[in-house]
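Inspection log for the structure reproduced underneath, given as structure tokens.
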Amino acid sequence: MSGEQLTLDLEGWEGPLDLLLNLARAQKVDLKQISILALVEQYLVYVEQARTLKLELAADYLVMAAWLAYLKSALLLPRDPAVEPSPEELALRLQLRLERLSAMREAGARLMARDRLGRDVFRRGAPEGLRRVRKANWSAGIFDLISAYGQVSARTRPVMHVVHDREVMTLEAAIARVAALIGTAIDWAAIQSFLPEGAAGSFRRSALASSFLAALELARQGKLELQQRGPFEPLYLRAPA
Amino acid sequence: MNPLDDFTRAVEAVLFAADEPLSIDSLRAHVGEGDVRGALARLAEDYSGRGINLVRRGDRWHFQTAGDMAHLLRRNRDEVRRLSRAAIETLAIIAYHEPVTRADIEAIRGVQISKGTLDVLMDAGWVRPAGRREVPGRPLTYGTTQSFLAHFGLESRRDLPGIEDLKAAGLLDPIDLALEELAVEKPDEGD
Amino acid sequence: MNPLDDFTRAVEAVLFAADEPLSIDSLRAHVGEGDVRGALARLAEDYSGRGINLVRRGDRWHFQTAGDMAHLLRRNRDEVRRLSRAAIETLAIIAYHEPVTRADIEAIRGVQISKGTLDVLMDAGWVRPAGRREVPGRPLTYGTTQSFLAHFGLESRRDLPGIEDLKAAGLLDPIDLALEELAVEKPDEGD
């Protein structure tokens with residue numbers, strides 16, 4: 001197995017492409033001459049090792065692994081001309097992506113290594129400064145502007161509070177319901193029998209509380225009578241005699 | 001210009017980059033052993049008759065603009081003034097929402113704006129009155145100017161990053177500036 | 001040093017006194033009518049080989065210390081921020097490909113840009129929004145700034161290290177275009 005070179009330093013990678021590029025560089029050939037099959041094999045071994053070590057791999061590494069496994073089999077199996085794009089094109093695409101990332105990584109390094117103003121080369125330490133042609137010289141850059149807008153937006157954008165749709169029975173609905181039903185009640189009837197059929201859970205509790213208040217209100221108006229034998233005993237309602 | 005030896009070049013560079021006049025000792029601390037006095041004499045001669053001169057003040061040396069060029073500069077430097085937070089936020093709101101009334105700006109910022117804020121932006125030439133809105137009270141609206149676009153390097157207002165761009169750039173992360181802001185900004189005294 | 005005419009001395013004085021790089025227009029605003037370009041060329045030549053050089057960055061000019069003096073002057077204080085690898089690559093992609101959208105950057109790097117990366121580059125003054133691309137969604141593009149050129153010592157983007165080679169190798173072209181190019185090299189079977 002060619003696994004002895006692998007150091008499983010997953011912290012260092014910035015994603016599957018970055019890992020692939022580092023593996024490709026280990027082949028020590030021009031990226032144009034890279035063996036995609038060997039690279040795919042190395043990547044799959046790497047990911048397999050990470051798995052056996054029970055290292056947690058981000059999903060995109062696994063997605064890449066699945067894609068590379070597909071690419072590998074497509075490259076090895078007899079070619080099916082109906083499959084577009086061809087596995088060779090897919091491999092070429094991958095190689096082109098690696099070349100591009102590599103080019104930019106090198107460009108970045110070369111940029112950083114230049115003589116940089118304020119680090120390696122310096123402007124005059126104490127310039128006298130120039131008279132300004134404009135009367136006032138207000139300074140602000142585009143970044144100040146857009147970050148200010150970002151902050152205003154972040155600060156003032158409405159925060160959405162989602163209130164779960166709770167089923168309730170309003171007092172008005174309870175008054176209407178109890179008033180309508182009381183006429184049909186010949187004798188004393190427990191308040192529970194005035195609740196909507198099938199009411200359960202919090203809706204039942206809401207309906208009970210509202211119906212109780214409705215009963216008090218209707219009793220005040222002389223439209224029904226209430227009876228209870230003692231505290232916490234059942235509450236009975238009937239139409240006025 | 002005549003070629004210079006590297007030691008004199010070093011003295012020249014150090015004097016140029018220094019933010020205060022340097023003594024021979026402090027020059028030596030930068031450039032190491034060598035004939036600092038000789039280098040200074042050589043430089044003073046080189047720069048006589050140029051637009052800047054190497055001058056000695058007490059026991060310290062520095063470059064300064066030639067006296068006869070002073071009319072091109074101004075001694076007490078016109079300091080660059082930074083816009084206050086209130087001003088930059090107000091400017092941003094005008095740019096993103098123009099035309100806006102003062103009440104609009106206050107509604108978006110959640111803070112009253114003081115009278116000076118819009119004055120500063122108009123003084124800078126970035127904001128201008130942009131007509132009245134045809135609603136009761138006919139409030140004045142504000143918009144940005146051509147020189148606003150020029151100053152901020154924008155072709156048009158459409159080039160301003162949208163909310164999604166800001167979010168992606170990490171600029172929408174709430175920062176505890178709101179309270180600070182309220183504490184700093186004085187209440188509007190009316191106009 | 002060779003004697004100078006007063007106009008060139010004036011340009012020299014103004015450039016020394018300025019606290020930021022100056023364009024030819026702003027130089028002219030200070031020194032009046034005259035051959036500003038000629039004076040700049042003369043000064044650049046005078047100062048080549050000295051401890052201070054006159055350099056051009058984009059369309060602006062300034063004096064700065066010579067690069068080979070860096071070892072005497074280098075400051076490792078916090079003046080130059082350390083950039084993350086993501087920020088360096090993002091900056092390189094913007095500089096070599098500009099104008100680019102966030103999606104372009106992500107396509108090349110193969111990872112999403114984390115919040116704060118563009119933020120850091122814009123805060124440093126090296127990157128700015130550069131208009132929207134006229135495709136569906138009108139994504140915002142980014143480009144580099146004058147101070148990017150000044151900071152990295154580039155006269156223009158053409159001076160980006162290796163940019164000509166990268167262009168010639170097609171490495172700055174999108175992958176789809178590169179694939180087409182490769183396809184064209186093969187014999188065409190007609191259309």
Side-chain angles (χ1 to χ4, degrees), chain A residues 11 13-18 58-60 63 97 100-101 104-105 107-108 111-162, chain B residues 13-21 52 62-65 70-83 85 87-93 95-96 107-110 120-121 123-126 148 151-154 159-161 163 165-167 169-175 177-178 181:
Chain A
E11 293 298 310
W13 310 125
E14 284 211 49
L17 199 63
D18 186 26
D60 45 352
V63 170
R97 287 188 75 187
R100 274 157 182 68
L101 177 60
M104 284 303 106
R105 186 156 295 173
L111 212 45
M112 292 300 132
R114 290 181 66 82
D115 279 343
R116 289 164 62 185
L117 198 60
R119 187 188 70 171
D120 310 296
V121 295
F122 295 88
R123 289 223 283 260
R124 191 158 168 219
E128 286 92 347
L130 296 173
R131 174 192 355 215
R132 298 294 167 181
V133 186
R134 263 182 286 142
K135 45 196 163 109
N137 183 35
W138 294 102
S139 119
I142 182 78
F143 179 72
D144 299 326
L145 186 75
I146 62 183
S147 66
Y149 191 72
Q151 278 164 24
V152 169
S153 305
R155 187 168 81 216
T156 57
R157 252 172 350 148
V159 180
M160 188 107 82
H161 293 286
V162 178
Chain B
V14 168
L15 280 168
F16 174 87
D19 49 18
E20 54 182 17
I52 57 155
H62 72 124
F63 279 116
Q64 112 184 355
T65 314
H71 66 284
L72 299 174
L73 326 168
R74 188 160 75 188
R75 282 289 143 206
N76 40 357
R77 172 141 56 119
D78 203 9
E79 73 205 61
V80 176
R81 299 169 70 188
R82 288 196 75 77
L83 286 181
R85 273 213 72 69
I88 191 85
E89 286 186 11
T90 302
L91 179 61
I93 291 166
Y96 273 89
I108 295 169
R109 285 192 68 218
V120 161
L121 296 174
D123 179 50
W126 294 337
F148 163 80
H151 181 91
F152 290 95
L154 298 166
D159 291 352
L160 287 168
I163 285 291
D165 299 312
L166 293 177
K167 191 187 277 177
L171 291 172
L172 269 191
D173 297 332
I175 298 174
L177 281 172
E181 177 85 19

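Chain letters run A, B, ... following the sequence lines, proteins first, then strands; residues in each count from 1. Quantities reported herein were computed from a predicted structural model and do not represent experimental measurements.
Ranked by non-hydrogen atom pairs under 4.5 Å with chain A, the options B:Thr90, B:Ile93, B:Leu15 are led by B:Ile93. With respect to chain A, the highest number of heavy-atom pairs below 4.5 Å among B:Leu160, B:Leu91, B:Val120, B:Leu154 belongs to B:Val120.
When heavy atoms are compared at a cutoff of 4.5 Å, B:Ile108 approaches chain A by way of both its backbone and its side chain. The contact between A:Arg124 and chain B is made by backbone and side chain atoms together, counting heavy-atom distances below 4.5 Å.
Among all heavy-atom pairs drawn from B:Asp19 and A:Ala126, the shortest one is O-CB, 3.7 Å. Of all non-hydrogen atoms in B:Phe16 and A:Phe122, the two that sit nearest each other are CE2-O, 3.4 Å. B:Tyr96 and A:Ile146 get closest at one heavy-atom pair: OH-CG2, 3.8 Å.
With sequence neighbours excluded, the residues that form a side-chain hydrogen bond (donor to acceptor under 3.5 Å, both in side chains) with A:Arg105 are A:Asp18, C:Glu89.
No side-chain heavy atom of A:Leu145 sits less than 4.5 Å from a side-chain heavy atom of B:Trp126.
Distance check: B:Ile88 CD1 to A:Phe143 CZ gives 11.0 Å after rounding to the nearest 0.5 Å.
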